There are 4 protein chains.
Amino acid sequence: MIVYFRPMRYKDELKKEAIIEATVKLVNEIGFVSSSVSKIAKEANVSPATIYIYYKNKEDLLVSTYVEIKKNLSIALLKDFNPNLPIRDILQALWLNMFDYTSKRANHFKFAEQFSSSPFAGLVNKNEVEKSFEPVISILKKGIEQKIIKDVHLDILAAFIFFPIYTLSNSRLCESIKLEKETIETAFTLAWDAIKL
Amino acid sequence: MIVYFRPMRYKDELKKEAIIEATVKLVNEIGFVSSSVSKIAKEANVSPATIYIYYKNKEDLLVSTYVEIKKNLSIALLKDFNPNLPIRDILQALWLNMFDYTSKRANHFKFAEQFSSSPFAGLVNKNEVEKSFEPVISILKKGIEQKIIKDVHLDILAAFIFFPIYTLSNSRLCESIKLEKETIETAFTLAWDAIKL
Amino acid sequence: MIVYFRPMRYKDELKKEAIIEATVKLVNEIGFVSSSVSKIAKEANVSPATIYIYYKNKEDLLVSTYVEIKKNLSIALLKDFNPNLPIRDILQALWLNMFDYTSKRANHFKFAEQFSSSPFAGLVNKNEVEKSFEPVISILKKGIEQKIIKDVHLDILAAFIFFPIYTLSNSRLCESIKLEKETIETAFTLAWDAIKL
Amino acid sequence: MIVYFRPMRYKDELKKEAIIEATVKLVNEIGFVSSSVSKIAKEANVSPATIYIYYKNKEDLLVSTYVEIKKNLSIALLKDFNPNLPIRDILQALWLNMFDYTSKRANHFKFAEQFSSSPFAGLVNKNEVEKSFEPVISILKKGIEQKIIKDVHLDILAAFIFFPIYTLSNSRLCESIKLEKETIETAFTLAWDAIKL
DNA sequence: GATGAATGAGTGTTCATTCAT
DNA sequence: CATGAATGAACACTCATTCAT
């Protein structure tokens, strides 16, 4: 059996990856506003024109990068997901996975943050993104049915069980906290107290 | 006693006000990235050059606008603040004040959101801003002392007692919720459960 | 009496003039297709940005330049216009004026030619341009009434009494002819024979 | 004798044809200025690189397309050419053939028009193009010898017997005329009156 | 204080062309 | 022969900022 070496294909994947990484890095370093296509191109070691081979325009580049990050986040979040554990344990695992992601991929997380508070956020296909988080929603619903979790709107639950993570992970807002395991577990206690019946 | 009529001063204030309102409005409508000085000038009915009389540069304009908004927010937040009430009641009042502000001045709130997730956020004098929120912090500390509130880092408390408000106020994240008084009070119950001992 | 020196005003007029002349010169030298805004700016010794103070965009610049040229043409054409002379004499005078213009302002003429065979041509307000040529049309109509000129559609008359001038003035199409007065008068004889009854 | 089947050759011609048709169509639709190689390639359903197999560069593509059109025009023009008819009849036949072509292949005609008023026009081998029109020139010369046509420079004759056709065929200049057979014959009368002795 | 004109440097995007496959 | 990927240079246009008035 002969396996042919296909440099083009290989190169392609590398280029697209490089462009996304450059986008994330730059937005992380100099911000959304100052991150121009040509700067991104330079950072990725490609020509500005090359970016337009992979993405329709700047908007497409940013939105695609965001969606990519969100997908990775959902994968990280659901690592070792076991729906048969007690609900509290499941949620705590999710919570720890999330912090793991936000600390390891801090720049991805920061990109997503800037993106989602910009008007670009309106352009993402929400359904597609939310689909990845479906298992989590199921857990919350099950908790409500089993009278373990308060019977309130899912968005309200999310505001207490997930969004505090963003705040706590955001070094700008929370400079003083060291995110050690103990601290995170303490914080989770508050989250759980908020939503549990 | 003679009181001089000072029309210029008055005019100045009007212009400064107009520039800030234009900034907020534009950032709200077309986003941080697209809001240029000349567009802001046009929206405020002044010359671009005029903006540079009141602000050192664009950065100064944006930062000043943010600080202004934060001050207004703290004023709104502390309306009818009565430190002698039970802690829960104080916090619930703050919570309701906050929603009142975020719904009445939605564009100010959105501006602050975009701003604070951008690298510009690093440029604000945090002490100055936080000073306005001092009374709130005092309340939390008192609650901890009185063993009413959990003894955890203030940033963690804030993550549960304040930041969920941002999430719930953000129409992009929470399209489905109608922010009626009842809903807000329900949500506050979760916040209180999170931090109370 | 004091006359104030107003450099700004003066400069303005000069700049606009310089931009138009640069546009005409460049289109004349390197053609419509290659004449970019930045090249025009360089030729006019202004910044590209300056052009956008005087014109909304490139299209506006080109169309305005064309309209300007057409107006100048109509003025040149109608020099010493005397409606009381015999119709043939009037038309011959127009004919000679036209050649005078196309030879003295050859580059303006060439610009107009390139412009009017481009899709931009569809953008000019035809009424505005044609208004300037009203006296000529009146003469033709009068000639028809007086049974001196053939009673055919005005566009057909124009095709024989005016457009041949373009051809004969175009050095690309007619390299071999020297446009001396005698030659032009000979050519006019053909034009007159075409339209006269 | 063996005849090889040469499908490639056939294919080639098809591609070349497609490229030329795409060029004409695009120039016709979006104009000379906006017609880029890659747009032409897309219109012709080939890769941009393919165009460079058939043509040296963009200039070559445009010039070749023009020459091709001119050749087709001369063929159409000389259809049923019969040098033994009376000169007037020959010229009228040419005139009608021309209108037939300009109406049936309006986009080809428009392309030629844009091309010939651009500086590209200087790049065509005039001799090669004019050779095709040799029979027409012969007729004019014969007419001069026979004292049927005025003894003036051929370019002047052309300006009256041919170029008015361009004007009348140009929908931009002559929107109001319907080019019915009767109208064309009327117009020809003027052309003939212009050049006849 | 207030401005419109002015601009060099930058924006996002497309260009004509090449090259490895 | 045919191509999609790639690109530096250029495109039309806007930017933040300054300056003479």
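Remember, it's a predicted structure, so these values are computed and weren't measured experimentally.
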- Query: With respect to the phosphate group of dA2(F), does any side-chain polar atom (N or O) of Lys15(D) fall under 4.0 Å of OP1 or OP2?
  - Reply: yes
- Task: May I ask you to evaluate whether Tyr54(D) reaches the phosphate of dA2(F), defined as a side-chain N or O under 4.0 Å from OP1 or OP2?
- Result: yes
- Task: Please assess Lys16(D) against Glu21(D) for the test salt bridge (Lys or Arg N to Asp or Glu O under 4.0 Å), listing each intermediate value before the final yes or no.
- Result: CA-CA 9 Å; Lys16(D) 198 161 187 173; Glu21(D) 275 314 309; over 6 Å; no
- Note on the structure: Ordered by number, residues from residues 55-64 of chain A within less than 4.0 Å of DNA chain E (heavy atoms) are Asn57(A), Lys58(A)
- Contact check, residues 26-48 of chain B vs DNA chain E, heavy-atom distance under 4.0 Å, returns Val46(B), Ser47(B)
I need the [atom1]-[atom2] distance between [X] and [N], as an integer number of Å.
| X | N | atom1 | atom2 | answer |
| --- | --- | --- | --- | --- |
| Lys16(C) | dG4(E) | NZ | P | 17 Å |
| Ile53(A) | dG4(F) | CD1 | C1' | 8 Å |
| Leu14(D) | dA2(F) | CG | P | 10 Å |
| Ile19(B) | dG1(E) | CD1 | P | 12 Å |
| Ile51(C) | dT7(E) | CD1 | P | 10 Å |

- Can any side-chain N or O of Lys71(D) pair as donor or acceptor with the backbone N or O of Val129(D) at less than 3.5 Å? no
- Which of dA6(F), dG4(E), dA5(E) is nearest the side chain of Thr50(A)? It is dA6(F)
- When the ring planes of Phe115(B) and Tyr66(B) are compared, do they come out parallel, tilted or perpendicular, using 30° and 60° as the limits? parallel
- Message: Run the side chain to side chain contact (heavy atoms under 4.5 Å, CB included) test against Ser35(B) and tell me which residues pass, sequence neighbours left out.
- Response: Leu26(B), Val27(B), Ile30(B)
- Those residues that, when tested against Leu123(C), pass side chain to side chain contact (heavy atoms under 4.5 Å, CB included) (two or more places apart): Glu59(C), Val63(C), Phe120(C)
- Chi angles and distances behind the side chain to side chain contact (heavy atoms under 4.5 Å, CB included) call for Leu73(D), Lys70(D): CA-CA 5 Å; Leu73(D) 172 60; Lys70(D) 276 289 179 182; 4.2 Å; yes
- Message: Let's go through Ile69(C) and Ile20(C) carefully: what are the C-alpha distance in whole Å and the side-chain angles of both, what is the deciding distance for side chain to side chain contact (heavy atoms under 4.5 Å, CB included) to 0.1 Å, and is it a yes or a no?
- Response: CA-CA 10 Å; Ile69(C) 287 174; Ile20(C) 287 195; 6.0 Å; no
- Query: What pair of heavy atoms forms the shortest contact from Lys39(C) to Ser34(C), and how long is it?
  - Reply: NZ-O, 3.0 Å
- Apply the test side chain to side chain contact (heavy atoms under 4.5 Å, CB included) to residues Phe32(A) and Ser118(A): give CA-CA distance (whole Å), side-chain angles for both, the deciding distance (0.1 Å), then the verdict. CA-CA 9 Å; Phe32(A) 222 47; Ser118(A) 83; 3.5 Å; yes
Throw together a table of side-chain donor-acceptor distances under 3.5 angstrom for residues 42-52 of chain D, partners on residues two or more places apart or in other chains.
| residue | atom | partner | partner atom | Å |
| --- | --- | --- | --- | --- |
| Glu43(D) | OE2 | Lys25(D) | NZ | 3.0 |
| Ser47(D) | OG | Ala49(D) | N | 3.1 |
| Thr50(D) | OG1 | Ser47(D) | O | 3.4 |

- Task: With side chain to side chain contact (heavy atoms under 4.5 Å, CB included) as the test, would you mind laying out the steps for Asn28(A) and Phe111(A) before giving the verdict?
- Result: CA-CA 6 Å; Asn28(A) 205 33; Phe111(A) 175 93; over 6 Å; no
- 5′-ward residue of the pair Ala49(C)/Tyr52(A) relative to DNA chain E: Ala49(C)
- For DNA chain E, the expected dot-bracket line (Watson-Crick or G-U under 3.5 Å, [ ] crossing, | inter-strand) is .||||||||||||||||||||
